Amino acid sequence: MALTVFNTMGNRKEPFNPVVAGKVGMYVCGVTVYDLCHIGHARANVVFDTIVRYLRYRGYEVAFVRNFTDIDDKIIRRAASEGTDYLTISGRYIEAFYRDFDRMGLLRPDVEPRATGHIPEIIDLVARLVAAGNAYAVDGDVYYAVKGFHGYGKLSGKNTDDLLSGARVDVDERKRDPLDFALWKSSKPGEPAWDSPWGPGRPGWHIECSAMAMKHLGETLDIHGGGKDLVFPHHENEIAQSEGLTGKPFARYWVHNGFVNVDNEKMSKSLGNFFTLREVLAKVKPDVLRFFFASSHYRSPIDYSDRSLSEAKAGLDRLYRAKEKAEGCVAAGVMAASIPAGVDFSPLRDAPAKFVEAMDDDFNTAAALGHLFDAVRALNRLAPADPATERGKAAQFLAGYELLEPLFGTLGLLQAPAKEFFRGDEADPGGVTDGPGRLPAEEIDRRIEARKAARARKDFAEADRIRKELESLGVLLEDSRAGTTWKYKD
RNA sequence: GGCGGCAUAGCCAAGCGGUAAGGCAGAGGACUGCAAAUCCUUCAUCCCCGGUUCAAAUCCGGGUGCCGCCUCCA
């Protein structure tokens with residue numbers, strides 16, 4: 001039983017063997033901070049967050065590095081259009097990134113390097129590439145000479161002849177070869193610039209990742225990740241820059257996540273069919289998005305829609321209901337006992353092993369979730385109607401839930417208290433369940449009391465009237481032996 | 001034009017050689033004053049055509065249809 005990872009280099013699953021046993025150096029290409037993140041960014045970040053969580057669950061010591069590209073053409077353009085400087089733009093969107101992704105429960109990386117914080121390292125790398133004959137300077141720009149690197153195209157499966165025959169490479173007479181790409185760009189007057197041996201300028205896009213990854217993780221990474229669209233040219237170029245110099249493999253495993261589609265088409269800025277993370281989080285809880293991502297394999301494309309979101313919500317509800325029951329047990333002062341024997345409960349007892357089996361197969365979160373649902377069904381067989389009076393059953397239920405909790409945690413699910421998930425979070429104003437038109441909790445409690453009185457005098461017509469009225473206001477009542485509880489429906 | 005991926009029930013989605021996980025929705029039953037939740041039961045032969053094999057959704061060949069990359073892009 002061993003972890004297997006699909007490697008874009010070679011296009012196949014391989015047993016996972018890091019450079020140093022038990023330790024993983026992982027670099028993920030972060031975002032360019034010139035605008036708000038959309039769901040595509042959300043998926044990429046959630047995917048790698050889940051991978052880090054799982055590797056740690058599996059006992060690996062993970063050094064997780066994710067960068068911010070904080071200087072680039074788009075940032076400069078945006079700054080110009082707003083009449084401000086690039087630092088204002090990058091600062092604003094880094095802050096926005098944290099605001100959005102902290103809500104998603106993303107782990108902070110161990111190191112979060114920024115391109116502008118590594119200019120000396122970048123210049124050093126470029127200078128060494130020039131000295132080694134891998135790159136050349138022209139009028140203050142420095143280009144990488146692709147023809148000199150024989151492995152070019154090995155990651156993306158392209159060969160240089162095909163690339164050249166394609167008409168989509170820009171023509172620039174100053175380049176020796178159309179495929180050559182910029183390592184260093186001279187700056188125009190008024191643009192941000194750093195001094196360099198080639199004059200004032202700024203780093204090209206690809207070089208920053210090589211410089212930062214090697215600085216923080218060494219010359220060979222265990223995992224290098226990013227969206228599928230980064231395979232070419234970004235990662236191909238990173239390989240050329242890094243391996244051209246070190247002669248060592250830049251990364252052992254190249255991991256790329258699939259796209260988020262809308263109406264079966266890639267979501268992207270240029271197509272204009274994107275949704276920002278922020279607007280989606282105004283509609284659903286962060287967990288719902290995480291569940292949505294986890295329910296298909298990270299390399300498959302997924303189609304985003306209101307429908308897929310509400311199906312995710314429905315599925316997640318079931319999981320949170322189990323957590324709700326566990327919280328009820330804890331509130332009743334119950335201590336976890338052990339899970340009963342018998343085949344009825346084997347899906348529960350076997351859940352950790354099944355979970356690992358699924359996740360070991362190239363992080364198959366969809367299969368893992370399937371096993372968790374099996375486990376929850378078995379767990380629900382132990383659910384006490386009233387934990388205060390059925391303490392034995394409650395103790396078993398709690399034991400079962402505690403067995404599953406770390407598994408959910410590895411997927412980043414069920415991180416909020418159930419009450420908060422179903423009723424909203426006072427500590428998170430602006431959160432989903434905080435919208436206008438919500439019936440306040442005090443008002444709901446008042447009506448529940450009225451209904452309780454009606455039921456006590458067997459006036460079921462009145463009791464039902466109250467319940468239906470609440471339902472039409474988006475509030476669901478649930479009676480049990482332990483009393484009546486409520487949830488917002490959305 | 002080059003390279004790559006995908007096609008599984010009403011919807012979403014695992015499986016990748018041994019006779020179809022799971023979720024949502026639906027149907028029947030139990031429980032409930034009635035509901036909700038929960039539990040039990042039920043609901044597909046895997047795009048088409050060939051081939052390999054004792055055995056294929058899973059492998060090979062040929063179609064058809066989508067999608068992605070080759071330009072900034074998660």
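Remember, predicted model here, so these are calculated numbers, not experimental data. First the proteins, then the strands, lettered A, B, ... as listed; each starts at 1.
Nucleotides B:rA56 and B:rC46, compared at atom P, are 12 Å apart to the nearest Å. For the P atoms, the distance linking B:rU58 with B:rU45 amounts to 16 Å, nearest Å. Of the C1' atoms belonging to B:rA44 and B:rG10, the separation is 12 Å, rounded to the nearest Å. Taking atom P in both B:rG28 and B:rU19, one finds a spacing of 33 Å when rounded to whole Å. B:rA20 and B:rA25 have their P atoms separated by 26 Å, with the value rounded to a whole Å. For the P atom pair drawn from B:rG23 and B:rU41, the interatomic distance equals 12 Å after rounding to whole Å. Rounded to whole Å, the C1' atom of B:rC24 lies 12 Å from the corresponding atom of B:rA9. When the P atom is used for both B:rG5 and B:rG61, the distance is 12 Å, rounded to whole Å.
Using a 4.0 Å heavy-atom distance criterion, A:Phe259 is classed as a base contact. Nucleic acid contact class of A:Ser308 (heavy atoms, under 4.0 Å, all strands): none. A:Asp374 comes within contact range of the sugar-phosphate backbone alone, with a heavy-atom separation under 4.0 Å but no base atom that close. Here A:Ile302 lies out of heavy-atom contact (under 4.0 Å) with every strand. Here A:Phe460 lies in heavy-atom contact (under 4.0 Å) with a base. As judged by a 4.0 angstrom heavy-atom cut-off over every strand, A:Lys269 is placed among residues making no nucleic acid contact. Within the nucleic acid shown, A:Arg451 comes within 4.0 Å of at least one base atom, counting heavy atoms only. If you check every strand for non-hydrogen atoms under 4.0 Å, A:Val28 touches nothing. Base contact: A:Gly40 has a heavy atom under 4.0 Å from a base atom. When heavy atoms are screened at a 4.0 angstrom cut-off, A:Asn257 is found touching base atoms of the nucleic acid. Here A:Lys74 lies in heavy-atom contact (under 4.0 Å) with sugar-phosphate atoms only. Counting non-hydrogen atoms under 4.0 angstrom, A:Arg43 reaches nothing in the nucleic acid. Using a 4.0 Å heavy-atom distance criterion, A:Lys266 is classed as a base contact.
Side-chain proximity of A:Arg321 to B:rC67, B:rA74, B:rU38: nearest is B:rU38. Nearest to the side chain of A:Ala44, among B:rG33, B:rA74, B:rG22, sits B:rA74. Taking only side-chain atoms of A:Asp479, from C-beta outward, the nucleotide of B:rC34, B:rA74, B:rU38 with the closest atom is B:rC34. Of the candidate nucleotides B:rG23, B:rU38, B:rA74, B:rU38 has the atom lying nearest to any side-chain atom of A:Asn380. Distances were taken from every side-chain heavy atom of A:Pro233 (C-beta onward) to each of B:rA14, B:rC72, B:rA74; the shortest belongs to B:rC72.
Distance A:Leu155 CG to B:rC70 P: 13 Å, rounded to the nearest Å.
A 3.5 Å limit on both hydrogen-bonding distances identifies no Watson-Crick or G-U partner for B:rC43. Taking a pair to require two hydrogen-bonding distances under 3.5 Å in either a Watson-Crick or a G-U wobble arrangement, B:rU32 remains unpaired. Shown here, B:rG10 forms a base pair with B:rC24; the pair counts as Watson-Crick or G-U wobble because both key distances fall under 3.5 Å. The partner of B:rU19 is absent, by the rule that a Watson-Crick or G-U pair needs both atom distances under 3.5 Å. Nucleotide B:rA37: unpaired (no Watson-Crick or G-U wobble partner with both distances less than 3.5 Å). Remark: B:rC69 base-pairs with B:rG2. Criterion, Watson-Crick or G-U wobble with two distances under 3.5 Å. Across all strands shown, nothing is found opposite B:rU52 as a Watson-Crick or G-U wobble partner with both distances under 3.5 Å.
Results of the side chain to side chain donor-acceptor pair (under 3.5 Å) test with A:Tyr298 over A:Thr50, A:Asp362, A:Thr365 single out A:Asp362 as the only residue that passes.
At a cut-off of 3.5 angstrom, the base of B:rG2 holds no donor-acceptor pair with the side chain of A:Asn159. With hydrogens and angles ignored, a donor-acceptor pair closer than 3.5 Å exists between the side chain of A:Arg455 and the base of B:rG33. Remark: the A:Arg467 side chain and the B:rA35 base include a donor-acceptor N/O pair separated by less than 3.5 Å.
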Pairs: protein N or O with nucleotides 24-29 of chain B N or O, under 3.5 Å:
none

What N/O pairs connect the protein and nucleotides 15-17 of chain B at under 3.5 Å? Give each pair on its own line.
residue: B:rG15; atom: OP1; partner: A:Asn364; partner atom: ND2; Å: 2.6

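Comparing A:Val31 and A:Pro301 against RNA chain B, the residue whose closest nucleotide sits nearer the 5' end is A:Pro301. Nearer the 5' end of RNA chain B, as judged by each residue's closest nucleotide, is the contact made by A:Leu316, out of A:Leu316 and A:Ala461.
Using a cut-off of 4.0 Å between Lys/Arg side-chain N and Asp/Glu carboxylate O, A:Arg447 and A:Glu443 are scored as salt-bridged.
A donor-acceptor distance shorter than 3.5 angstrom exists from the side chain of A:Asp72 to the backbone of A:Lys74, with no hydrogens or angles considered. Put simply, the side chain of A:Ser308 never gets that close to the backbone of A:Tyr304: no donor and acceptor are under 3.5 Å apart.
With values rounded to the nearest 0.5 angstrom, A:Phe68 atom CZ is found 6.5 Å from A:Arg114 atom CZ.
Phosphate contact (OP1/OP2 of B:rC31, side-chain N/O of A:Arg481, threshold under 4.0 Å): absent.
In terms of the side-chain contact (heavy atoms from CB on, under 4.5 Å) criterion, residue partners of A:Ala385 (sequence neighbours excluded) are, by chain and number, A:Glu390, A:Arg481.
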Show your reasoning for whether salt bridge (Lys or Arg N to Asp or Glu O under 4.0 Å) applies to A:Glu462 and A:Arg465. CA-CA 5 Å; A:Glu462 171 64 3; A:Arg465 190 196 63 75; 3.0 Å; yes
